[in-house]
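Inspection log for the structure reproduced underneath, given as C-alpha coordinates.
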Amino acid sequence: MRITNEMVQQKLAELQFKEVSVSLSEFIHTSEKEQDSYQAFLYRILSFEAKRREDNKVLKRLKLASFPYQKTLEDFRIEEQQSLSSKQLNQLRELTWLEQAYNLILLGPPGVGKTHLAIGLGIEAIYRGYKVMFLAMGALVRALNTQDITRKSKTTVKRLLNADLVIIDDIMYMAMDQQEANLFFHFINQLYDRTSIVFTSNKGPEEWGELIGDPGITTAILDRIIHRVEVIHLNGDSYRMKNRSTIFGSISVHE
Ligand code: ADP
Ligand code: MG
(Lines give C-alpha, C1' and ligand atoms only; values in the text may rest on other atoms or scores of the structure.)
(Ligands and ions follow the chains in the order given, each with its own letter.)
Protein backbone atom coordinates (compact mmCIF):
# COMPACT_ATOMS: atom_id res chain seq x y z
CA MET A 1 0.00 0.00 0.00
CA ARG A 2 1.31 3.40 -0.93
CA ILE A 3 1.14 5.69 2.05
CA THR A 4 0.26 9.24 1.14
CA ASN A 5 0.76 12.42 3.14
CA GLU A 6 -3.02 12.69 3.49
CA MET A 7 -3.26 9.25 5.09
CA VAL A 8 -0.58 10.16 7.63
CA GLN A 9 -2.21 13.51 8.27
CA GLN A 10 -5.53 11.86 8.94
CA LYS A 11 -4.01 9.48 11.50
CA LEU A 12 -2.19 12.35 13.17
CA ALA A 13 -5.41 14.35 13.36
CA GLU A 14 -7.26 11.34 14.81
CA LEU A 15 -4.67 11.19 17.56
CA GLN A 16 -5.01 14.94 18.24
CA PHE A 17 -1.60 15.77 16.75
CA LYS A 18 -3.36 18.61 15.00
CA GLU A 19 -0.54 21.06 14.39
CA VAL A 20 1.90 18.37 13.34
CA SER A 21 -0.77 17.13 10.97
CA VAL A 22 -1.23 20.56 9.37
CA SER A 23 2.53 21.12 9.00
CA LEU A 24 3.49 17.56 8.10
CA SER A 25 5.07 18.50 4.75
CA GLU A 26 7.29 21.06 6.47
CA PHE A 27 8.43 18.52 9.07
CA ILE A 28 9.26 16.04 6.31
CA HIS A 29 11.03 18.70 4.30
CA THR A 30 13.16 19.81 7.29
CA SER A 31 14.05 16.25 8.21
CA GLU A 32 15.08 15.47 4.63
CA LYS A 33 17.23 18.57 4.53
CA GLU A 34 18.85 17.70 7.88
CA GLN A 35 19.17 14.07 6.77
CA ASP A 36 17.47 12.98 9.98
CA SER A 37 17.49 9.34 11.03
CA TYR A 38 14.07 7.73 11.61
CA GLN A 39 14.58 8.31 15.33
CA ALA A 40 15.50 11.96 14.80
CA PHE A 41 12.42 12.50 12.63
CA LEU A 42 10.12 10.94 15.22
CA TYR A 43 11.84 12.84 18.00
CA ARG A 44 11.38 16.13 16.15
CA ILE A 45 7.64 15.56 15.78
CA LEU A 46 7.05 14.26 19.28
CA SER A 47 9.03 17.09 20.89
CA PHE A 48 7.01 19.64 18.96
CA GLU A 49 3.76 18.07 20.08
CA ALA A 50 4.88 17.75 23.71
CA LYS A 51 5.89 21.43 23.77
CA ARG A 52 2.58 22.48 22.24
CA ARG A 53 0.59 20.47 24.78
CA GLU A 54 2.60 21.95 27.65
CA ASP A 55 2.07 25.50 26.30
CA ASN A 56 -1.67 24.87 26.11
CA LYS A 57 -1.75 23.63 29.67
CA VAL A 58 0.01 26.79 30.83
CA LEU A 59 -2.47 28.94 28.90
CA LYS A 60 -5.37 27.06 30.44
CA ARG A 61 -3.97 27.44 33.96
CA LEU A 62 -3.37 31.16 33.32
CA LYS A 63 -6.98 31.57 32.29
CA LEU A 64 -8.36 29.62 35.25
CA ALA A 65 -6.25 31.67 37.69
CA SER A 66 -8.43 34.71 36.82
CA PHE A 67 -5.79 37.36 37.41
CA PRO A 68 -7.19 40.89 37.10
CA TYR A 69 -4.18 41.69 34.90
CA GLN A 70 -1.08 39.78 33.85
CA LYS A 71 2.17 41.36 34.92
CA THR A 72 5.21 39.24 35.54
CA LEU A 73 8.12 39.44 37.96
CA GLU A 74 10.22 40.64 35.01
CA ASP A 75 7.86 43.62 34.73
CA PHE A 76 8.41 44.40 38.43
CA ARG A 77 11.06 47.11 38.79
CA ILE A 78 12.85 46.14 41.93
CA GLU A 79 14.87 49.39 41.99
CA GLU A 80 11.56 51.22 42.54
CA GLN A 81 10.81 49.18 45.64
CA GLN A 82 13.45 49.89 48.26
CA SER A 83 11.98 47.63 50.91
CA LEU A 84 12.65 44.49 48.87
CA SER A 85 16.13 43.50 47.66
CA SER A 86 16.65 41.72 44.37
CA LYS A 87 18.10 38.84 46.39
CA GLN A 88 14.82 38.53 48.31
CA LEU A 89 12.83 38.77 45.11
CA ASN A 90 14.91 35.95 43.62
CA GLN A 91 14.32 33.84 46.72
CA LEU A 92 10.60 34.36 46.35
CA ARG A 93 10.83 33.50 42.67
CA GLU A 94 12.39 30.12 43.51
CA LEU A 95 9.05 29.16 45.10
CA THR A 96 10.59 27.11 47.92
CA TRP A 97 7.96 28.76 50.16
CA LEU A 98 5.25 27.30 47.94
CA GLU A 99 6.73 23.81 48.02
CA GLN A 100 6.78 24.05 51.83
CA ALA A 101 3.21 25.43 52.04
CA TYR A 102 4.34 28.74 53.51
CA ASN A 103 1.96 31.69 53.33
CA LEU A 104 3.02 35.18 52.32
CA ILE A 105 1.54 38.44 53.57
CA LEU A 106 2.34 41.42 51.34
CA LEU A 107 1.69 44.57 53.32
CA GLY A 108 1.80 48.22 52.39
CA PRO A 109 -0.18 51.29 51.38
CA PRO A 110 -1.98 51.50 48.03
CA GLY A 111 0.03 51.54 44.81
CA VAL A 112 3.30 50.05 46.10
CA GLY A 113 3.08 46.88 44.01
CA LYS A 114 1.45 44.32 46.32
CA THR A 115 -1.01 43.01 43.75
CA HIS A 116 1.59 43.12 40.96
CA LEU A 117 4.03 41.08 43.03
CA ALA A 118 1.33 38.56 43.98
CA ILE A 119 0.30 38.12 40.33
CA GLY A 120 3.95 37.88 39.24
CA LEU A 121 4.56 35.06 41.73
CA GLY A 122 1.31 33.41 40.63
CA ILE A 123 2.38 33.45 36.97
CA GLU A 124 5.79 32.06 37.91
CA ALA A 125 4.04 29.23 39.81
CA ILE A 126 1.83 28.47 36.80
CA TYR A 127 4.86 28.14 34.53
CA ARG A 128 6.32 25.72 37.06
CA GLY A 129 3.22 23.53 36.87
CA TYR A 130 1.21 24.72 39.88
CA LYS A 131 -2.50 25.52 39.92
CA VAL A 132 -3.15 29.07 41.04
CA MET A 133 -6.33 30.99 41.88
CA PHE A 134 -6.54 34.73 42.38
CA LEU A 135 -9.48 36.52 43.88
CA ALA A 136 -10.27 39.65 45.81
CA MET A 137 -11.42 39.27 49.42
CA GLY A 138 -14.89 40.59 48.53
CA ALA A 139 -15.29 37.96 45.81
CA LEU A 140 -14.06 35.22 48.15
CA VAL A 141 -16.60 36.10 50.85
CA ARG A 142 -19.35 36.25 48.21
CA ALA A 143 -18.37 32.86 46.83
CA LEU A 144 -18.26 31.28 50.30
CA ASN A 145 -21.61 32.82 51.17
CA THR A 146 -23.38 31.55 48.07
CA GLN A 147 -21.62 28.22 47.42
CA ASP A 148 -24.78 26.29 48.31
CA ILE A 149 -26.94 28.52 46.14
CA THR A 150 -25.15 29.07 42.85
CA ARG A 151 -23.24 26.60 40.75
CA LYS A 152 -20.69 29.28 39.85
CA SER A 153 -19.75 29.90 43.49
CA LYS A 154 -19.61 26.16 44.15
CA THR A 155 -17.17 25.75 41.25
CA THR A 156 -15.09 28.69 42.48
CA VAL A 157 -14.80 27.26 45.99
CA LYS A 158 -13.97 23.82 44.61
CA ARG A 159 -11.22 25.27 42.45
CA LEU A 160 -9.86 27.24 45.39
CA LEU A 161 -9.67 24.09 47.49
CA ASN A 162 -7.91 22.28 44.63
CA ALA A 163 -5.34 24.98 43.96
CA ASP A 164 -1.69 24.82 45.03
CA LEU A 165 -1.59 28.56 45.55
CA VAL A 166 -4.46 30.87 46.46
CA ILE A 167 -3.99 34.64 46.22
CA ILE A 168 -6.42 36.69 48.30
CA ASP A 169 -6.16 40.32 47.30
CA ASP A 170 -7.01 43.19 49.65
CA ILE A 171 -7.88 41.06 52.61
CA MET A 172 -9.69 42.90 55.40
CA TYR A 173 -10.94 45.57 53.14
CA MET A 174 -14.38 45.11 54.57
CA ALA A 175 -15.85 44.09 57.89
CA MET A 176 -17.36 40.58 58.14
CA ASP A 177 -20.44 39.44 59.96
CA GLN A 178 -20.39 36.38 62.21
CA GLN A 179 -21.53 33.98 59.48
CA GLU A 180 -18.88 35.28 57.04
CA ALA A 181 -16.17 35.07 59.69
CA ASN A 182 -17.16 31.43 60.34
CA LEU A 183 -17.08 30.60 56.65
CA PHE A 184 -13.73 32.32 56.24
CA PHE A 185 -12.30 30.36 59.16
CA HIS A 186 -13.61 27.11 57.73
CA PHE A 187 -12.04 27.97 54.36
CA ILE A 188 -8.62 28.84 55.86
CA ASN A 189 -8.78 25.67 57.93
CA GLN A 190 -9.34 23.55 54.84
CA LEU A 191 -6.32 25.07 53.10
CA TYR A 192 -4.19 24.96 56.23
CA ASP A 193 -0.89 23.10 55.91
CA ARG A 194 -1.38 22.01 52.31
CA THR A 195 -1.97 25.12 50.20
CA SER A 196 0.03 28.33 50.20
CA ILE A 197 -1.93 31.54 50.47
CA VAL A 198 -0.63 34.94 49.43
CA PHE A 199 -2.49 37.78 51.12
CA THR A 200 -2.20 41.41 50.17
CA SER A 201 -3.35 44.00 52.65
CA ASN A 202 -2.90 47.57 53.70
CA LYS A 203 -3.43 46.56 57.31
CA GLY A 204 -1.14 44.37 59.40
CA PRO A 205 -2.50 41.11 60.88
CA GLU A 206 -2.71 42.80 64.30
CA GLU A 207 -5.54 44.93 62.89
CA TRP A 208 -7.43 42.11 61.17
CA GLY A 209 -9.37 41.32 64.32
CA GLU A 210 -11.32 44.56 64.09
CA LEU A 211 -12.82 43.45 60.80
CA ILE A 212 -13.30 39.77 61.56
CA GLY A 213 -15.17 40.73 64.74
CA ASP A 214 -15.27 37.60 66.91
CA PRO A 215 -11.97 37.43 68.88
CA GLY A 216 -12.07 33.62 69.13
CA ILE A 217 -12.40 33.18 65.38
CA THR A 218 -9.76 35.86 64.76
CA THR A 219 -7.25 33.97 66.89
CA ALA A 220 -8.09 30.68 65.21
CA ILE A 221 -7.69 32.19 61.73
CA LEU A 222 -4.47 34.01 62.56
CA ASP A 223 -2.97 30.90 64.21
CA ARG A 224 -3.33 28.97 61.00
CA ILE A 225 -2.13 31.74 58.73
CA ILE A 226 0.83 32.73 60.89
CA HIS A 227 1.93 29.16 61.60
CA ARG A 228 4.19 29.29 58.54
CA VAL A 229 4.33 32.77 57.09
CA GLU A 230 6.68 35.31 55.63
CA VAL A 231 5.54 38.92 56.05
CA ILE A 232 6.84 41.33 53.45
CA HIS A 233 6.46 45.05 54.04
CA LEU A 234 6.39 47.05 50.86
CA ASN A 235 6.53 50.76 51.25
CA GLY A 236 7.64 53.92 49.62
CA ASP A 237 5.63 56.19 47.40
CA SER A 238 2.85 54.86 45.27
CA TYR A 239 4.21 53.65 41.94
CA ARG A 240 0.96 54.80 40.38
CA MET A 241 1.44 58.34 41.67
CA LYS A 242 5.07 58.53 40.61
CA ASN A 243 4.43 57.24 37.13
CA ARG A 244 1.06 58.70 36.39
CA SER A 245 0.36 60.58 33.24
CA THR A 246 -1.44 63.87 33.48
CA ILE A 247 -3.53 65.90 31.11
CA PHE A 248 -0.46 68.14 30.77
CA GLY A 249 1.62 65.24 29.43
CA SER A 250 3.34 62.45 31.27
CA ILE A 251 5.23 63.48 34.36
CA SER A 252 7.92 61.89 36.37
CA VAL A 253 8.52 62.89 39.95
CA HIS A 254 11.89 61.17 40.05
CA GLU A 255 14.59 63.46 41.40
P1 ADP B 1 -1.11 47.74 45.23
O2 ADP B 1 0.04 47.75 46.20
O3 ADP B 1 -2.12 48.80 45.57
O4 ADP B 1 -1.71 46.40 45.05
P5 ADP B 1 -0.37 47.42 42.46
O6 ADP B 1 0.44 46.19 42.61
O7 ADP B 1 -1.71 47.26 41.84
O8 ADP B 1 -0.50 48.21 43.86
O9 ADP B 1 0.47 48.48 41.64
C10 ADP B 1 -0.13 49.62 41.05
C11 ADP B 1 0.40 49.78 39.63
O12 ADP B 1 1.77 50.14 39.68
C13 ADP B 1 0.31 48.51 38.82
O14 ADP B 1 0.06 48.85 37.48
C15 ADP B 1 1.72 47.91 38.95
O16 ADP B 1 2.06 47.13 37.83
C17 ADP B 1 2.59 49.15 39.07
N18 ADP B 1 3.75 48.92 39.93
C19 ADP B 1 3.81 49.03 41.27
N20 ADP B 1 5.04 48.80 41.73
C21 ADP B 1 5.79 48.51 40.64
C22 ADP B 1 7.18 48.18 40.43
N23 ADP B 1 8.07 48.10 41.46
N24 ADP B 1 7.60 47.97 39.16
C25 ADP B 1 6.73 48.07 38.12
N26 ADP B 1 5.43 48.37 38.25
C27 ADP B 1 4.96 48.61 39.49
MG1 MG C 1 -3.75 45.90 45.06
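Order of listing sets the numbers, starting from 1, for every ligand and every atom in it.
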Taking the inter-plane angle between the rings of Phe134 and Phe67 on a 0 to 90° scale, is it parallel (under 30°), tilted (30 to 60°) or perpendicular (over 60°)?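 Geometry flag for Phe67 against Phe134: perpendicular rings.
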[atom]: the protein heavy-atom neighbour that sits closest, reported with distance to 0.1 Å:
{"atom": "atom 11 (C) of ligand 1", "answer": "Arg240 CG, 3.8 Å"}
{"atom": "atom 4 (O) of ligand 1", "answer": "Thr115 OG1, 2.7 Å"}
{"atom": "atom 7 (O) of ligand 1", "answer": "Tyr69 OH, 3.2 Å"}
{"atom": "atom 24 (N) of ligand 1", "answer": "Arg77 N, 2.7 Å"}
{"atom": "atom 6 (O) of ligand 1", "answer": "His116 N, 2.8 Å"}
{"atom": "atom 3 (O) of ligand 1", "answer": "Gly111 N, 2.7 Å"}
{"atom": "atom 17 (C) of ligand 1", "answer": "Tyr239 CD2, 3.2 Å"}

I'd like to know if Pro110 contacts ligand 1, where contact means a heavy-atom distance under 4.0 Å to any ligand atom.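 Yes, that is the case, since the closest heavy atom of the residue is under 4.0 Å from the ligand.
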Can you tell me how far apart [atom1] ([X]) and [atom2] ([Y]) are? Round to the nearest 0.5 Å.
{"X": "Leu161", "Y": "Met133", "atom1": "CG", "atom2": "CE", "answer": "9.5 Å"}
{"X": "Lys57", "Y": "Lys131", "atom1": "NZ", "atom2": "NZ", "answer": "12.0 Å"}
{"X": "Gln100", "Y": "Glu230", "atom1": "CD", "atom2": "CD", "answer": "11.0 Å"}

Which atoms of ligand 1 sit under 4.0 Å from any heavy atom of Asp75?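 Contacts of ligand 1 toward Asp75, numbered from 1: 24 (N), 25 (C).
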Does a donor on one side chain sit under 3.5 Å from an acceptor on the other, for [X] and [Y]?
{"X": "Thr30", "Y": "Arg44", "answer": "no"}
{"X": "Gln70", "Y": "Thr72", "answer": "no"}
{"X": "Gln16", "Y": "Lys18", "answer": "yes"}

With a cut-off of 2.8 Å, does any N, O or S atom of Thr115 fall short of it relative to the Mg ion (ligand 2)?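 Within the cut-off used here (under 2.8 Å), Thr115 does place an N, O or S atom near the Mg ion (ligand 2).
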Using a plain distance cutoff, I'd like to know if Phe76 has any nitrogen or oxygen under 3.5 Å from a nitrogen or oxygen of ligand 1.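 There is no such contact.
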Please say whether Gly113 places an N or O atom under 3.5 Å from an N or O atom belonging to ligand 1.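 Yes; the residue has a nitrogen or oxygen that sits under 3.5 Å from a nitrogen or oxygen of the ligand.
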Would you confirm whether the ring centroid of Phe184 sits within less than 6.0 angstrom of the ring centroid of Trp208?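 Not under 6.0 Å, so no.
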Just wondering, more than 12 heavy atoms not from Tyr69 lying within 6.0 Å of its OH?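 Yes, OH of Tyr69 has more than 12 neighbouring heavy atoms, counting only those of other groups under 6.0 Å.
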What do we get for Lys71 next to ligand 1 when only non-hydrogen atoms under 4.0 Å count, side chain, backbone, both or neither?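 Within the 4.0 Å criterion, Lys71 contacts ligand 1 through side-chain atoms alone.
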